[in-house]
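Just so you know, residue 1 is the first one in the sequence shown, and it goes up from there. Note that ligands are numbered from 1 as they come in the structure, with each ligand's atoms numbered from 1 the same way. Computation of the quantities below employed the complete heavy-atom set of this structure, encompassing side-chain atoms and omitting hydrogens, waters and symmetry-equivalent molecules.
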Amino acid sequence: NMHYETIIAEKKGRVGLITLNRPKALNAINRQLTQEVLDAATAFETDPDIGCIVITGSEKAFAAGADIKEMQDRSFIDMYGADWFADWERLPRLRKPTIAAVAGFALGGGCELAMMCDFILAADTARFGQPEIKLGVMPGMGGSQRLTRLIGRAKAMEMCLTGRMMDAAEAERAGLVSRVVPAAELLADAMTTAETIASMSLPAAMMVKEAVNRADEVDLAEGLRFERRLFHSTFALEDQKEGMAAFVEKRPAVFKNR
Ligand code: CAA
């Protein structure tokens with residue numbers, strides 16, 4: 001039931017791992033890959049044994065963008081009529097935490113897919129960019145919005161207007177990625193990080209995600225109130241009793257709601 005053609009979806013412990021797998025096209029994002037990523041992610045979202053989702057690519061490319069060959073001959077009405085890329089709105093709406101583990105090229109839709117995840121772990125080989133302008137188009141899977149929120153106006157504007165690539169060190173300085181690790185350790189690090197998250201109270205982790213995401217949408221006073229109410233609600237969880245008891249008893253916490 002987890003057989004796909006353009007991705008590999010695997011359960012590893014409590015982590016759902018999605019590996020983009022169109023090596024000949026540097027994992028270019030076509031409609032099939034879009035549907036398969038969204039189907040696999042949705043399956044992990046509804047699987048009670050999964051607590052965190054990792055999306056990764058190959059050593060050479062996380063994804064080199066939307067599939068140019070698939071789009072090349074389409075008209076405005078084809079794109080507008082199909083609301084091309086709108087399906088991707090499902091990914092950031094997942095409530096379980098998601099991590100992008102990026103090595104090599106993350107360009108155009110690849111960079112945008114990585115930014116849809118809750119955070120990006122980068123290999124030292126990672127290269128990010130929004131080169132759409134070089135194709136006579138512009139970002140369409142969130143680049144102009146998420147990149148601007150993540151790294152600020154100056155760098156986002158320069159990246160989208162010139163199409164230049166950013167290496168991993170610059171991406172870390174700019175706040176695009178949470179950490180940079182040696183390429184050989186990327187997947188292991190991402191899986192360990194994901195297992196750590198998946199060992200926490202799942203409702204607490206989901207609330208963290210909801211609260212941090214809220215920061216993009218509302219003003220500070222509203223965001224702080226939203227956070228405080230969610231914080232109060234964690235006291236309805238057994239996991240709050242377990243987590244605090246474990247601390248006081250100097251033992252590791254074992255959360256039930258995972
Ligand atoms: N779409 C379709 N095919 C792609 C692709 C893409 N985005 N990126 C790479 N490929 C294909 C190439 O056409 C090539 O296929 P063939 O062997 O059949 O010619 C194969 O993958 C290998 O690519 P290269 O030979 O180009 O590999 P390279 O190492 O010389 O260069 C690269 C790597 C710099 C990433 C280069 O492939 C490249 O510039 N790719 C396009 C990047 C890009 O413009 N992305 C934006 C796409 S538009 C978009 O994403 C819109 C949006 O906002 C969602």
Colleague: Contacts table for ligand 1: protein N or O within a distance under 3.5 Å of ligand N or O, distances only.
Modeller:
from	atom 1	to	atom 2	distance (Å)
ligand 1	1 (N)	Ala66	O	3.4
ligand 1	1 (N)	Ile68	N	2.9
ligand 1	7 (N)	Ala64	O	3.0
ligand 1	7 (N)	Ala66	O	2.9
ligand 1	13 (O)	Lys69	NZ	3.1
ligand 1	15 (O)	Lys69	NZ	3.3
ligand 1	18 (O)	Lys69	NZ	3.2
ligand 1	21 (O)	Lys24	O	3.3
ligand 1	29 (O)	Lys60	NZ	2.7
ligand 1	45 (N)	Ala64	O	3.0
ligand 1	50 (O)	Ala66	N	2.9
ligand 1	50 (O)	Gly109	N	2.8
ligand 1	53 (O)	Glu112	OE1	2.8
ligand 1	53 (O)	Glu132	OE2	2.6
ligand 1	53 (O)	Gly140	N	2.8

Colleague: Share the residues that join Val208 in a hydrophobic cluster, the rule being Ile, Leu, Val, Met, Phe, Trp or Tyr side chains under 4.5 Å apart at the heavy-atom level.
Modeller: Val212
Colleague: Does Lys241 come within less than 4.0 Å of Glu238, counting only side-chain N to carboxylate O?
Modeller: no
Colleague: What heavy-atom pair brings Gly163 and Ile133 nearest, and what distance separates the two atoms?
Modeller: N-CG2, 4.0 Å
Colleague: Starting from Val248 and following side-chain heavy-atom contacts under 4.5 Å between hydrophobic residues (I, L, V, M, F, W, Y), which residues can be reached?
Modeller: Phe247
Colleague: Could you tabulate the donor-acceptor pairs under 3.5 Å formed by side-chain atoms of residues 136-158, not counting sequence neighbours?
Modeller:
from	atom 1	to	atom 2	distance (Å)
Thr148	OG1	Ser144	O	2.5
Lys155	NZ	Glu170	OE2	2.6
Glu158	OE2	Arg164	NE	2.8

Colleague: State whether Arg214 and Glu227 are salt-bridged, where the test is any N-O pair (Lys NZ or Arg NE/NH1/NH2 against Asp/Glu carboxylate O) under 4.0 Å.
Modeller: no
